[in-house]
Asks: 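Mind looking over this structure? Questions follow.
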Amino acid sequence: MLRSTGSVLGRAAVAAGRQHRVAARPFAQREAIAGQRFAGVRQMSSSGQIYNTVLNSNAKYVLFVVAGAAVGEIVYGFIGDTVWKFNNRGKLYEDIDWSKWESNYLEEEEEEEEEEEEEDDE
């Protein structure tokens, strides 16, 4: 529905009249009225600190986003690797027991050395 322009203008005039009445009062009264008017409004606490620390500069904001992405990737990668290793334990390269293989390899090397020595002696 369309509003009549008279009601909108009337409201603007009433608001201007209120501002005029407030502006005509002494400073102390204006401060008291402003304090009463905003008494129920909470002041910015943590969001104001975040703005002052990160968001007030474009360079700080970009650095914050890039650093956050890097840290997020490190954490995500660590969690992914941990889950992968947990689900595949016993099947990975790092789980191989090399003592089983080294003994056979060493025995073969010793046999080859003995054969070479025998050939050299002949």
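Just so it is clear, the values below take in all heavy atoms, side chains as well, and ignore hydrogens, waters and symmetry mates. Just so you know, residue 1 is the first one in the sequence shown, and it goes up from there.
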Asks: Do any side-chain atoms of residues 56-67 form donor-acceptor pairs under 3.5 angstrom with protein atoms, and if so which ones, sequence neighbours left out?
Replies:
from  : atom 1 : to    : atom 2 : distance (Å)
Asn56 : ND2    : Asn52 : O      : 3.1
Ser57 : OG     : Ala59 : N      : 3.4

Asks: What are the two closest non-hydrogen atoms of Asn88 and Asp95, and how far apart are they?
Replies: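 Here Asn88 and Asp95 meet closest at O-OD2, 4.1 Å.
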
Asks: Does Leu92 sit in a hydrophobic cluster with other residues, and if so which ones, taking ILVMFWY side chains as linked at heavy-atom separations under 4.5 Å, directly or through other members?
Replies: Trp84

